[in-house]
**Student:** 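Please find one structure pasted underneath; my questions will follow.
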Amino acid sequence: MNTFYITTPIYYANTLPHLGHLYTMIVGDTIARSKRQRAIDTYFLTGTDEHGINIERAAQKAGRTPQEQADYVVSYFTKMTSAFGLDTAHGGYDIFMRTTYPFHYEGVSELWRRIAKAKTPKGNDAIYKGHYEGWFCAPCAEYKTEDEYQKPKNEGDPPTCLIHDTPLDRVSEESYFFRLSDYDQALLSVFETQPDFVRPEPRRNEVISFVRGGLQDLSVSRLKSSVSWGVPVPDDPDHTMYVWFDALINYITAIGFGNEEREKVAGFEKYWPALHLVGKDILRFHAVYWPSFLLAAGVELPRAIVAHGMWVDPNGRKMSKTLGNVIELDILQKHFSIDAIRYFCLREMVFGQDGRFGYEALIDRANSDLASGLGNLSSRTLTMISRYSDSVIPPGRTAEDELAGFIEQARDQFIQHFENLAFSRALEAAWSIVARVDKIITDSKPWDLAKDENQKPTLDAVLYSSAESLRWLSVLLYPVMPESSRAIWNQLGLEGSPAQINPTELKWGELKEGVKIGEVQPVFPRLDKGKIMSEINAQSGPEPQPEPPQTHATEADAVGIANFIEIDDFAKVDLRVGQVLSAERIPKADKLLLLKVDLAEEQPRTILAGIAQYYEPQKLVGRKVVIVANLKPRKLRGYESQGMVVAASYGEEGRPVIATFTEDVPNGARLK
Ligand code: MSP
């Protein structure tokens with residue numbers, strides 16, 4: 001059956017959502033709409049993750065019960081998803097899943113029981129009882145190993161979480177364990193036989209190297225006396241399930257696993273397996289733990305796990321409540337249209353990589369691409385039709401319209417990029433249509449053609465082509481900007497909705513002549529940057545600006561040479577020119593960038609560089625750098641770093657500035 005199931009992560013119900021959370025919902029919603037446009041029966045899930053110590057503590061702090069806390073956050077989510085057009089009433093999600101739903105408890109218990117009866121691929125019990133001793137970060141809901149926390153400065157203090165900078169909880173108690181260590185080979189063979197199982201490619205490599213590094217058994221329960229807010233372990237009421245165990249299972253309980261009533265409403269058989277959309281920070285849970293649970297229970301694995309990057313602030317730090325640098329949804333909603341926000345999110349972030357979010361950048365994009373771009377094309381075309389063609393689509397269809405070939409090609413590119421989740425590139429392809437049609441109008445000058453009766457056929461042809469291009473654009477762009485696409489569609493006088501037109505079936509010339517167009521209205525009004533920015537600043541304080549680079553190295557940096565070396569000493573260092581092929585952040589390693597660098601060798605090198613706080617990864621791609629090529633390889637965060645990027649370092653914090661060339665130089669050239 002032609003069905004598709006897509007999920008966002010379910011969000012912690014401890015705090016109110018921000019742009020980072022909205023983003024995953026926008027991407028999920030966009031994909032769901034594009035599937036529905038092709039008449040694929042689609043199920044879209046989002047929701048909240050409501051158990052665990054973190055929710056318990058948030059509730060306590062707010063003077064609420066955990067259930068009241070979850071209800072409070074969910075009521076905000078419901079308002080927010082409606083305001084942003086993401087809920088069922090607006091054609092968005094099919095379920096707002098909550099892990100406190102009774103049918104979820106039933107399904108989770110069923111899965112636990114199945115795993116508890118299962119043997120691992122190595123013939124051991126998949127779940128066993130043991131004793132857990134270690135450190136736990138409540139905000140991450142994750143046990144931390146030694147390389148994942150900061151050791152305390154004073155003996156006796158607890159270590160702190162590298163992400164949240166908050167003290168960890170000591171856990172020492174009886175616990176059920178899932179025998180994850182027996183699943184490494186099974187997982188590796190899934191990654192091998194289904195190369196698209198984890199996407200994009202760098203994330204897949206990261207997961208593979210994590211699994212190859214060896215897996216440890218996972219504690220999947222807490223004593224009820226320590227964490228009472230959770231799903232009880234079947235047949236052992238002294239234990240509650242680990243929150244991630246319960247949360248991941250929501251993806252199947254939501255559609256009816258372990259509950260017949262729910263199965264009738266949604267349909268596990270019908271929709272599973274799902275495509276899971278997740279932030280790269282929670283990839284391990286989805287790409288390692290979740291498939292292992294399912295393998296143990298004998299349930300089919302997900303279709304794919306697709307990880308996106310993080311929204312970071314202008315200083316490159318992940319947007320998070322703890323850092324106080326989040327983009328609040330109330331502010332966004334007050335000043336921007338939903339479609340401008342959706343467009344910005346999908347156009348600005350290269351899917352899979354991190355993206356910087358700034359209000360000013362949003363205003364600039366909305367004004368250039370939407371108001372002056374698509375919006376202007378739409379209003380000038382429709383205004384000319386009303387002026388020169390009596391508000392009726394003219395009979396201007398020509399058999400061999402050169403534009404037809406161009407637009408078909410752009411459509412195909414758009415679809416291909418979209419399928420690959422390269423939204424930014426898909427939108428570029430759509431905007432190539434806007435630019436082309438704009439040029440046709442500017443070159444043919446319809447306002448002059450209209451003065452000469454003999455030019456009527458040419459004028460009609462230009463107007464028809466422009467209007468027909470707008471019809472195509474509104475179909476292509478519907479999943480990204482549903483409201484505006486509908487508005488353009490209606491203004492063209494078309495019936496039905498672009499939501500129902502399969503873009504692969506668009507045919508040039510199907511716009512009917514003689515149809516009266518609708519009332520012409522601007523689709524994307526221009527935004528007044530000065531006014532909006534001063535209102536936002538008054539409401540939330542000024543946007544953080546990138547830290548200004550310090551202008552010069554201090555003298556102390558330049559001198560201080562202790563010993564002279566011989567030329568032979570220098571010759572030991574093999575410095576080579578390399579070109580950065582890709583650059584990305586590493587989850588939970590704020591300082592490191594993972595680079596692939598071409599040194600004109602058989603394979604590009606993997607190099608880790610401690611420059612993440614100062615360089616935006618995308619901007620490094622293509623850059624020529626200097627690499628210490630004969631540095632002994634070193635393992636860091638599960639990657640082997642095969643060299644070092646040379647950079648100047650100055651100022652108190654040792655700010656790096658990468659050494660580079662101003663002239664052209666081939667990769668692999670040696671520095672002497
Ligand atoms: N509750 C877990 C998920 C359980 S799924 C079975 C969780 N919740 S969360 O609320 O912390 O995060 C939910 C999603 O929001 C994650 O995919 C995370 O990556 C995303 N984001 C949170 N901050 C973000 C940014 N600054 N940028 C982009 N996405 C971010 O983890």
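Remember, it's 1-based here, ligands and their atoms both numbered in the order they're listed. Computed from heavy atoms alone, side chains included, the values below leave out hydrogens, waters and symmetry copies.
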**Student:** Quick one about D246 and Y105 (side-chain donor to acceptor, distance below 3.5 Å, no hydrogens or angles considered), yes or no?
**Tutor:** no
**Student:** Is NZ or CZ of R222 both nearer than 6.0 Å to the six-membered ring centre of F136 and within 45° of the ring axis?
**Tutor:** yes
**Student:** Judging by distance only, is a nitrogen or oxygen of T24 under 3.5 angstrom from one on ligand 1?
**Tutor:**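 No, no N or O pair falls under 3.5 Å.
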**Student:** For ligand 1, indicate whether the residue Y23 contacts it via side chain, backbone, both or neither (heavy-atom separation under 4.0 Å).
**Tutor:** neither
**Student:** Which word best sums up how the rings of F344 and W311 line up, parallel for under 30°, tilted for 30 to 60°, or perpendicular for over 60°?
**Tutor:**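 Aromatic pair F344/W311 classed parallel.
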**Student:** Need the ligand 1 atom indices (1-based, order shown) with element for anything under 4.0 Å from a heavy-atom of Y251.
**Tutor:**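 Here the atoms of ligand 1 in question are 5 (S), 6 (C).
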**Student:** Examine G309 against ligand 1 and note whether any of their N/O atoms are separated by less than 3.5 Å.
**Tutor:**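 Between G309 and ligand 1 (N or O atoms, distance only) the closest approach is not under 3.5 Å.
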**Student:** Decide whether an N or O pair under 3.5 Å exists between G20 and ligand 1.
**Tutor:**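 Between G20 and ligand 1 (N or O atoms, distance only) the closest approach is under 3.5 Å.
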**Student:** May I ask you to check whether Y251 and W272 place their ring centres under 6.0 Å from each other?
**Tutor:** no
**Student:** Give the numbers and elements of all ligand 1 atoms closer than 4.0 Å to a heavy atom of D281.
**Tutor:**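 Within the 4.0 Å cut-off of D281, ligand 1 contributes 18 (C), 19 (O).
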**Student:** Side chains of E263 and N259: any donor to acceptor distance under 3.5 Å?
**Tutor:**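 Result is no, nothing qualifies.
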**Student:** Taking the ring of H308 and the ring of F423, is the distance between their centroids below 6.0 Å?
**Tutor:**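 Aromatic pair excluded; centres sit 6.0 Å or further apart.
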**Student:** Distance to 0.1 Å, residue and atom name: give those for the protein heavy atom nearest to atom 12 (O) of ligand 1.
**Tutor:** H21 CD2, 4.0 Å
**Student:** Can you confirm if the NZ or CZ of R284 lies within 45° of the ring axis of Y289 and under 6.0 Å from the centre of its six-membered ring?
**Tutor:** no
**Student:** Measuring from atom 17 (O) of ligand 1, which candidate in G279, G47, A13 has the nearest non-hydrogen atom?
**Tutor:** G279
**Student:** I need the nearest protein heavy-atom contact for atom 31 (O) of ligand 1: residue, atom name and distance, please.
**Tutor:**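 Ranked first by proximity to atom 31 (O) of ligand 1 is I282 CG2, 3.5 Å.
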**Student:** Are F285 and F245, when compared by the centres of their aromatic rings, separated by less than 6.0 Å?
**Tutor:**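 No: the rings miss the under 6.0 Å criterion.
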**Student:** Can you classify the ring geometry of F77 versus Y11 as parallel (below 30°), tilted (30 to 60°) or perpendicular (above 60°)?
**Tutor:**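 Because their plane-to-plane angle is under 30°, the rings of F77 and Y11 count as parallel.
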**Student:** Would you check the N or O atoms of M319, main chain and side chain alike, for any that come under 3.5 Å of an N or O of ligand 1?
**Tutor:** yes
**Student:** Please say which of T46, T81, T88, T8 ends up in a side-chain hydrogen bond (donor to acceptor under 3.5 Å, both in side chains) with Y93.
**Tutor:**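 Testing each of T46, T81, T88, T8 against Y93, the sole residue satisfying side-chain hydrogen bond (donor to acceptor under 3.5 Å, both in side chains) is T81.
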**Student:** Test salt bridge (Lys or Arg N to Asp or Glu O under 4.0 Å) on E428 and R425; report intermediate values, then the result.
**Tutor:** CA-CA 5 Å; E428 273 173 32; R425 300 192 68 184; 5.1 Å; no
**Student:** Given Y12, F285, W244, which one has a non-hydrogen atom that is nearest to atom 9 (S) of ligand 1?
**Tutor:**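 Looking at heavy atoms only, the winner is Y12.
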**Student:** Return yes or no for this condition: an N or O of H308 is under 3.5 Å from an N or O of ligand 1.
**Tutor:** no
**Student:** Is there a polar contact, in the sense of an N or O pair closer than 3.5 Å, between W311 and ligand 1?
**Tutor:**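 By distance alone, the answer is yes.
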**Student:** Got an N/O contact under 3.5 Å between I10 and ligand 1?
**Tutor:** yes
**Student:** Among protein heavy atoms, which sits nearest to atom 23 (N) of ligand 1, and what does the distance come to when rounded to 0.1 Å?
**Tutor:** H18 CE1, 3.5 Å
**Student:** So which heavy atom in the protein is nearest atom 13 (C) of ligand 1, and how far is it from that ligand atom?
**Tutor:**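 I find the closest protein heavy atom is Y11 CD2, 3.4 Å.
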**Student:** Which atoms of ligand 1 are found less than 4.0 Å from any heavy atom of D49?
**Tutor:**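 It comes down to these atoms of ligand 1: 1 (N), 2 (C), 4 (C).
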**Student:** Taking only heavy atoms of H286, which atoms of ligand 1 are found under 4.0 Å from at least one of them?
**Tutor:**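 Counting atoms of ligand 1 from 1, those under 4.0 Å from H286 are 5 (S), 6 (C).
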